[in-house]
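For reference, the structure discussed in these notes is given below.
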2 protein chains.
Amino acid sequence: MSIRNPKQALYEQFAVVAKALGHPLRLEMIEHLAQGARSVEALAAKLGQPVANISQHLQALRRAGIVVAERDGKFVHYSLADASVLSAFAAVRSVAERQLAEVDRIVRGYFDARDDMRPVSRDELQALMRDGLVTLIDVRPADEFALGHVPGAINVPLGQVKAWSADADACREVVAYCRGPWCVMSFEAVAALRSLGHAARRLEDGMPEWKAAGLPVEVVG
Amino acid sequence: MSIRNPKQALYEQFAVVAKALGHPLRLEMIEHLAQGARSVEALAAKLGQPVANISQHLQALRRAGIVVAERDGKFVHYSLADASVLSAFAAVRSVAERQLAEVDRIVRGYFDARDDMRPVSRDELQALMRDGLVTLIDVRPADEFALGHVPGAINVPLGQVKAWSADADACREVVAYCRGPWCVMSFEAVAALRSLGHAARRLEDGMPEWKAAGLPVEVVG
DNA sequence: CTATCATTCAATCATTCCATTGAATGACGA
DNA sequence: TCGTCATTCAATGGAATGATTGAATGATAG
């Protein structure tokens, strides 16, 4: 609450709005309110959340000037403050969708209508590794690999996949993994390997899920 | 990192982007990067911030897909990921500016070309109060009033200004204050009072600044 | 190979945010 | 006036965020 110069004050005002948009529940609430005004209870029911929680999020949105409240008897109906809210929502979404779109593009470009775009499950991978049937590569940057990786995995950062594959046994199947189901890196690695004639598949998800499943993790150092 | 349904995952992805925009420094960084690529050091110098701080914020922006990094010798140049970032920034800004615009609108609509739109300074207010020449009203909600207000102020939440003024001495000048220089409430209160024939002025800023100036504060309870 | 410089990492502490619970408020109907 | 119901407030604890410091990394120049 100290004295700020006008420029900082402006950026702070903008940040208040963006911060209010920075929560999945609030975004979902905005999308519902875009359909029309809703009472707190109605919103809570739609989202399957406790009423008090929704009430607090609504007030956060109201403080940011994103929604407005109107009392009607014992109900308070909330609605979007104006059309600019929807364009802000859409703009944020389009930034976010660029990355998801990237996944889509890669999947569709390289895998659609091909033999086997089915990912390898964690159980399946463990069996394959135990029998020595596949080479497992971790295509994340070296630092992330060092922090923890699947035992037996080789670190081949995405940029080095092509070079690595030149020296690799072309007949041996490769399984690639990265940060998680939404991460593009393992998609790209598999695409690159396949285009070079290697048999390659993806692990269904990435390191965080592996660790979360209570499976063993190897750490460098 | 637990398993989410696809819908939640989407909203979370959107929230990551919005959250990355939710910091004044990052917004300022984006505006600079909109001019063209910048090294970490160059940005830090522009914003007068420690390099490490800027580096961390840049990585937050990169994780959200808002900026991209490109190494060039021993410099890393950051730039905006694509044009959609700028439209998201603009959209957030336009939501935020609605409120600032509201201040402008009110100021221009009610005060321009009128006698006395000059706000009351803190020193002036203290003198007026000491001599008993004005009634001081705090137009914030009751809870904020209770947490601390200017000694001698009466709490008249914005919605009750009209009703309150009916019983007030119409010849006595009123001074209104609220949360701060950017807050619309005291503007609205003064506008309402003037339209009802009362003499009314605004305190130059609000409670936080009053407290920050080391002036006495009265607390309820 | 070593020194240097841009950048990033790691660790700390203070602050803020979030979900949950139970109590308080405010308006309506009997 | 009293009970009921929608909403909000208040308080708690746990998690994430932000600023700062100093050390580590990675690339270039000598």
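All values below come from the heavy atoms of this structure, side chains included, with hydrogens, waters and symmetry mates left out. Below, chain A is the first sequence line, B the second, and so on; all start at residue 1.
- Nucleic acid contact for A:Arg62: none, since no nucleic acid atom lies under 4.0 Å from a heavy atom of the residue.
- Using cut-offs of 30° and 60° for the angle between ring planes, the A:Phe14 and B:Phe89 rings count as perpendicular.
- Of the listed nucleotides (D:dT8, D:dA6, C:dA6), D:dA6 has the atom at the smallest distance from the side chain of A:Phe75.
- Looking at which nucleotide of DNA chain C each of A:Arg71 and A:Gly22 is closest to, the 5′-most match is held by A:Gly22.
- Each of D:dA19, C:dC17, C:dT8 was ranked by its minimum atom distance to the side chain of A:Lys19; first place goes to C:dC17.
- Whole-Å rounding puts the A:Ile54 CD1 to C:dT20 P distance at 10 Å.
- For the pair B:Leu43 CG and C:dT8 P, the interatomic distance rounds to 11 Å; values are reported in whole Å.
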Problem set entry | From CA spacing to verdict: side-chain contact (heavy atoms from CB on, under 4.5 Å), A:Val139, A:Cys178 | CA-CA 6 Å; A:Val139 297; A:Cys178 53; 3.8 Å; yes
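- What separates CZ of B:Arg63 from C1' of D:dG18 is a distance of 12 Å, to the nearest Å.
- Distances shorter than 4.0 Å separate none of the side-chain N or O atoms of B:Tyr78 from OP1 or OP2 on C:dA6.
- Of all nucleotides listed (D:dT8, C:dT7, D:dA6), C:dT7 comes nearest to the side chain of B:Val40.
- Distance CG (B:Leu58) to P (D:dA19): 13 Å, rounded to an integer number of Å.
- Here the P atom of nucleotide C:dC18 and the CE atom of A:Met29 are 12 Å apart, to the nearest Å.
- At a cut-off of 3.5 Å, with distance as the only test, no side-chain donor of B:Glu70 or B:His77 sits close to an acceptor on the other residue.
- Backbone-only engagement by A:Gln59 is indicated by non-hydrogen atom pairs under 4.0 Å involving sugar-phosphate atoms exclusively.
- The side chain of A:Lys74 lies closest to D:dA6, out of D:dT20, D:dA6, C:dT20.
- The side chain of B:Ser39 has C:dT7 as its nearest neighbour among D:dA19, C:dT7, D:dG18.
- Following rounding to the nearest Å, B:Leu21 (CG) and D:dT17 (P) show an atom-to-atom distance of 14 Å.
- With distances taken from any side-chain atom of A:Gln56 to the nucleotides C:dT7, D:dG18, C:dA19, the minimum falls on C:dA19.
- Distance NE2 (B:His57) to C1' (C:dT8): 15 Å, rounded to an integer number of Å.
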Problem set entry | Derivation of the side-chain contact (heavy atoms from CB on, under 4.5 Å) call for A:Leu196 and A:Lys162 | CA-CA 8 Å; A:Leu196 294 165; A:Lys162 206 166 179 176; 3.8 Å; yes
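- Regarding contacts with the backbone of D:dA16, every side-chain N or O of A:His23 stays at 4.0 angstrom or more from both OP1 and OP2.
- Nearest nucleotide to the side chain of B:Ala52, out of D:dA6, C:dT8, C:dT20: C:dT8.
- In this entry the distance linking CG of B:Asp72 with P of C:dT7 reads 10 Å, nearest Å.
- Residues A:Asp123 and A:Ser121 have side chains that never bring a donor and an acceptor to within less than 3.5 angstrom of each other.
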